[in-house]
> 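Please find one structure pasted underneath; my questions will follow.
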Amino acid sequence: MRTHILGYPRIGSKRELKKACEQYWSGRTSLQDLLETGKNLSLQHWMLQQEAGIDLIPCNDFSYYDQVLDMSLSVGAIPARYQELIDKDSYSEMDLYFAMARGYQKDGLDITAMEMTKWFDTNYHYIVPEFHKNQQFRFFSQKIINEFIRAKQAGINAKPVITGLVTYLLLGKEKEDGFDKLDLAPKLLLVYTEILKELESHGAQWIQFDEPFLALDLSDKAKETYKWVYHEIRKQFPDLKFIIATYFEGLKDNLSLAVSLPMDVLHIDLVRSPEQLDEVLKVIPGSLSLSLGVVDGRNIWKNDLEKSLRFIKKTVNALGTERVLIAPSCSLLHSPFDLDIEKNEKVLSPEIKQWMAFAKQKLYEVAALKALASGIVNSKIQEQYIENTKSIVSRKTSPLIHNKTVKERIEAITPKDSQRKNTFNIRKEAQQKVLQLPLFPTTTIGSFPQTQEVRNWRAKFKKGEVTAEQYDTLLKKETEIAIHWQEEIGIDVLVHGEFERNDMVEYFGEQLAGFAFTQNGWVQSYGSRCVKPPVIYGDVYRPNPMTVYWSEYAQSLSKKWVKGMLTGPVTILQWSFVRDDQPRSVTCQQIALAIRDEVQDLEKAGIKIIQIDEPAIREGLPLRKEEWQNYLKWAVEAFKISASGVEDSTQIHTHMCYSEFNDIIQNIAEMDADVITIECSRSQMELLNAFADFKYPNEIGPGVYDIHSPRVPSKEEMVELLKKAQAVIPAHQLWVNPDCGLKTRHWDETEKALTAMVEAAKEASASYVTEEKLNNHWL
Ligand code: GLN
Ligand code: ZN
């Protein structure tokens, strides 16, 4: 029996990598410094795993930005627009790498970033590979090899983790018509072969191919590609041991395909799909070993060792110990780092903490499972086992978790609770009467840049170095400046700037019952950005209003409308670590009722426009199509419960980003928000075609510039995008706004960009009016 892990988080227990990257980007440190930090981190992580007793330790799971981007650089899938950068005298591979991730606007060059999107149903984002018809690949970056060698120097014969060839292709995007990305497999295989040869020559024995797509709905062609690719690889590398890793779903209809691939180990996710074990055991051929993903890589609850042992024993009985590997369900990239460093009992009480395990603790769970299953139990393991049993029982029975009033309110929900009083057309009239908005109204998504100063105040406030009163005054000043500045540049619907918020979910969680927090429970979201998801451990309700104070204050500063700003129930659910002792849908309903209370209180306080952000609704979509409608039904209903307690004249906005929405457009329309602002610019408004084909009835603000890049857009660019938008959506339905909140940007970029955006809206509006006049004249 062997233990292994599919990947380890790389950002560092104190987010060292984030800091090192950001310092390097801002020019404060050298490339040397950055690489030093990276090397130290991966070394530390290897050592940790070794100490915990993990048998097969991965390498190349480390990344400075994203593992898919790493792969693109490894196989030389570098879009042509970066050639200018490669041609420069002072060219460095890392600068190219970061330019692909973040865009490049320096030394007279102006190159846009590559697209970014969600990694399956997680909150991790990867950089989407771009493919062309005559796509060429070549063994470009040596990163995989270098990491393997470094591990070897540290005394570890590591298992390189490589994005599987088919998954890599399926993750990418065809940038022109007339070909199918899967047809690139033979060309790409040549490069994979080179990489494998090189690894083998350095002494690699194990290779892990991540093929999560093997657990998803596959076309016949994709299935054929799987067969072809892995038979070819086997033919060329008879001696390497290959692990093919699936996760986030069960193999289901791909089971026979998966077990037919001539690999050595198949990894399956038994947390997401425990029922697949029996099916797999029925058909697994004698040549294949099975890696059991029993420790949840996506959540923070302690493993129920007893339950996992049942899976392991069953497998050992069927296959024998030699053919069994024990592992977390997926890469620990999605787990926070180390529970041991959580010391603040005010936010995480000892009772709740003892129910939890982070990445480091999960290593020990995996190791303990092996010891327990093979009967080699020392006193330490015995202790761990007893303590585990105790905390599993305590969590099942704790009075901290259950609240009668909440449960009764859930029981009492009726269909009326998720319906606005009237249809959109009637509401629109009532709203326009009050709001009096111009054509192409401009707005932003909510947050403004959070300067170091603002963050410092919050840190000091939390430490008690600044009083609540001082903190309040500082935030008020910041808000006031933001309000007046928006008035000055001519934005139509203002926002208060969200300076009081650390994070759009944590801010609400902190004020809701049923949530606990960590101090260092960071998980990578994209590049250097991390999130610290709250932990929903018990029934949720809202003891007090959460945002009324700030919205009321901001509105008092201006005659223009200021939007109330809330995070929606699905997003709060999606971006938290959730209970696994009740269905997600029920937890979501509880949150929806809490947000509904808040929406009603904002309305009472005179806030006329309320935005309920649901950026995460798409990512909550199950990976298998057959489960979509069930999810969408409860998710849309939860949003509507939160939004429907108000008068017709109150305008409800929602906001979505990071995803492709074409396939759920019908459900987005069912959410019935009066206005939706949505990310669009990186895909050049492609998304709008879906809204147009569907004849989306309500108002829509397609983002006209990308806020994930420091690049400042020109007015002309945005006018162009607005024209594209008008070609498919009637002008009176359109709003003008950026792609997302501006929290991560700098003020100087933001000032330039928004000023240009307002000008673009004015220009679009003027030319629309002239055109209308012309049209009428000709009529
Ligand atoms: N209102 C939030 C903000 O502007 C929305 C963020 C998001 O969609 N991710 O920060
Ligand atoms: Zn957004």
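Atoms within each ligand, like the ligands themselves, are counted from 1 in listed order.
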> I need the atoms of ligand 1 closer than 4.0 Å to a non-hydrogen atom of P615, numbered in the order shown.
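Counting from 1, the qualifying ligand atoms are 8 (O).
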
> Quick test of your reading of the model: are K532 and E506 salt-bridged, counting only N-O distances below 4.0 Å?
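Yes, this pair counts.
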
> State whether a side-chain donor-acceptor pair under 3.5 Å links T650 with E647.
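Absent: no donor and acceptor within the cut-off.
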
> Would E670 and K640 pass as an ion pair if we require N to O under 4.0 Å?
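Here E670 does not pair with K640 in a salt bridge, since their nearest N and O are not under 4.0 Å apart.
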
> Is there a polar contact, in the sense of an N or O pair closer than 3.5 Å, between I445 and ligand 1?
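So ligand 1 has an N or O lying under 3.5 Å from an N or O of I445.
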
> If we only count heavy atoms from C-beta on, is the R618 to D663 side-chain gap below 4.5 Å?
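SC-SC contact between R618 and D663 confirmed.
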
> Quick check: Q611 and ligand 1, any N/O pair under 3.5 Å apart?
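N/O-N/O distance below 3.5 Å does not exist for this pair.
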
> Is it true that atom NZ of K460 has more than 12 heavy atoms of other residues, nucleotides or ligands lying nearer than 6.0 Å?
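Counting neighbours around NZ of K460, 12 or fewer heavy atoms of other residues, nucleotides or ligands fall under 6.0 Å, so no.
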
> Cation-pi check, R298 to F248: give yes when NZ or CZ is under 6.0 Å from the six-membered ring centre and within 45° of the ring axis, no otherwise.
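Satisfied, under 6.0 Å and within 45°.
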
> Using a 4.0 Å cut-off to any heavy atom of G446, which atoms of ligand 1 qualify?
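In order of number, 4 (O).
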
> Is the closest N or O pair between W575 and ligand 1 shorter than 3.5 Å?
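In this structure, W575 places no N or O atom under 3.5 Å from an N or O of ligand 1.
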
> Counting only heavy atoms not in K173, do more than 12 sit closer than 6.0 Å to its NZ atom?
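Yes, enclosed.
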
> If the contact criterion is a heavy-atom separation under 4.0 Å, does M504 count as touching ligand 1?
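For ligand 1, residue contact (heavy atoms, under 4.0 Å) with M504 is present.
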
> Any atoms of ligand 1 less than 4.0 Å from a non-hydrogen atom of S447? List them with their elements.
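Near S447, the atoms of ligand 1 are 3 (C), 4 (O), 10 (O).
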
> Give yes or no for whether the N/O distance cutoff of 3.5 Å, strictly under, is met between E498 and ligand 1.
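Yes.
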
> Consider side chain to side chain contact (heavy atoms under 4.5 Å, CB included). Of I483, I609, V495, which one does V562 pass it with?
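Only one option passes, and that is I483.
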
> Indicate, as side chain, backbone, both or neither, the part of M656 found under 4.0 angstrom from ligand 1 when only non-hydrogen atoms are considered.
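Neither; nothing of M656 gets under 4.0 Å from ligand 1.
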
> On a heavy-atom basis, I'd like to know which of C740, G741, G568 is closest to atom 7 (C) of ligand 1.
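Selected option, by shortest heavy-atom distance: C740.
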
> Quick one: the NE2 of H655, the Zn ion (ligand 2), SG of C657 angle, rounded to 10°, please.
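NE2 of H655 and SG of C657 make an angle of 110° at the Zn ion (ligand 2), to the nearest 10°.
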
